[in-house]
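Okay, so here's the structure we're looking at.
It should be emphasised that the depicted structure is a prediction, and the values quoted were computed from it without experimental measurement. First listed ligand is number 1; within each ligand, the first listed atom is number 1. For the single chain, residues carry numbers from 1 onward in sequence order.
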Amino acid sequence: MNDRELMSLAREASLNAYVPYSHFSVGAALECIDGSVFTGCNVENAALGSTICAERTACVKAVSEGKRSFRRIAIYADSENWCTPCGACRQFLAEFSPEMEVLCAKAGSRYVSYKLSELLPHTFNY
Ligand code: THU
């Protein structure tokens, strides 16, 4: 699967976002080393701190299916700015694959690409 195809899955996943509070839909598509792909969207809650981001939804789906090694994640939001992952999601993904690639889109079809280690150097671990 190429980058654009992965991003298109992320965009599709954003259509399922549950966002009654922020009205900001995000979708993610996480590609594992074995080629399998898990998608996710953000799911908000009236207790705002209980909200889960799209990236962590996808990651939890993958890990709960036995996958722990990731190659790429595509993140899509119909936004003005590049939708880069929040700090919590960077740390969460780095637990499993600190060198994975992170594709960040914004409205339209453009995206930028980073290494996770570039977005979160000196990740916490012990
Ligand atoms: N959000 C994500 O899903 N991913 C991110 O990396 C940043 C933020 C969600 C959380 C919340 O539902 C909405 O975007 C606004 O913060």
Side-chain angles (χ1 to χ4, degrees):
M1 178 171 299
N2 65 33
D3 286 357
R4 291 207 169 274
E5 288 166 335
L6 195 67
M7 189 57 81
S8 145
L9 291 179
R11 185 179 197 151
E12 255 174 52
S14 74
L15 302 176
N16 290 328
Y18 175 73
V19 290
Y21 305 104
S22 74
H23 305 289
F24 187 77
S25 298
V26 184
L30 178 64
E31 183 188 56
C32 305
I33 289 293
D34 67 5
S36 55
V37 174
F38 292 82
T39 59
C41 61
N42 50 337
V43 181
E44 299 186 341
N45 190 272
L48 296 177
S50 299
T51 291
I52 182 165
C53 293
E55 299 91 319
R56 274 178 287 151
T57 302
C59 188
V60 165
K61 283 172 70 177
V63 174
S64 61
E65 294 298 324
K67 313 290 180 179
R68 295 183 180 175
S69 209
F70 309 132
R71 183 180 295 127
R72 283 180 301 174
I73 187 167
I75 307 164
Y76 179 86
D78 197 23
S79 60
E80 236 175 79
N81 301 314
W82 303 114
C83 190
T84 50
C86 77
C89 289
R90 294 178 198 198
Q91 176 68 32
F92 202 88
L93 291 166
E95 176 80 15
F96 301 100
S97 297
E99 296 305 324
M100 70 187 292
E101 202 182 342
V102 182
L103 312 175
C104 309
K106 60 179 174 182
S109 57
R110 290 164 60 216
Y111 63 89
V112 288
S113 151
Y114 301 96
K115 262 200 160 191
L116 182 54
S117 57
E118 176 186 2
L119 294 177
L120 185 69
H122 310 295
T123 176
F124 174 73
N125 223 320
Y126 66 95

- Item | Closest approach of Ser117 to Glu99 (non-hydrogen atoms, all atoms of both residues) | OG-OE1, 3.1 Å

- With Val37 as partner, the option from Leu9, Ile73, Leu30 fulfilling side chain to side chain contact (heavy atoms under 4.5 Å, CB included) is Leu9

- Task: Return the protein residues near ligand 1 (heavy atom under 4.0 Å from any of its atoms), ordered by chain and residue number.
- Result: Ser22, Phe24, Val26, Asn42, Glu44, Thr51, Cys53, Ala54, Glu55, Thr84, Pro85, Cys86

- Just jot down the side chain to side chain contact (heavy atoms under 4.5 Å, CB included) partners of Asn2, sequence neighbours excluded, or say none. Arg4, Glu5

- Query: Taking only residues at least two apart or on different chains, which pairs with a member in residues 15-43 satisfy salt bridge (Lys or Arg N to Asp or Glu O under 4.0 Å)?
  - Reply: Glu31-Arg71, Glu31-Arg72, Asp34-Lys67

- Query: Apart from Leu48 itself, which Ile, Leu, Val, Met, Phe, Trp or Tyr residues share its cluster (side-chain heavy atoms under 4.5 Å, direct or through members)?
  - Reply: Tyr21

- Item | Thr39-Glu12 side chain donor-acceptor pair, cut-off 3.5 Å | no

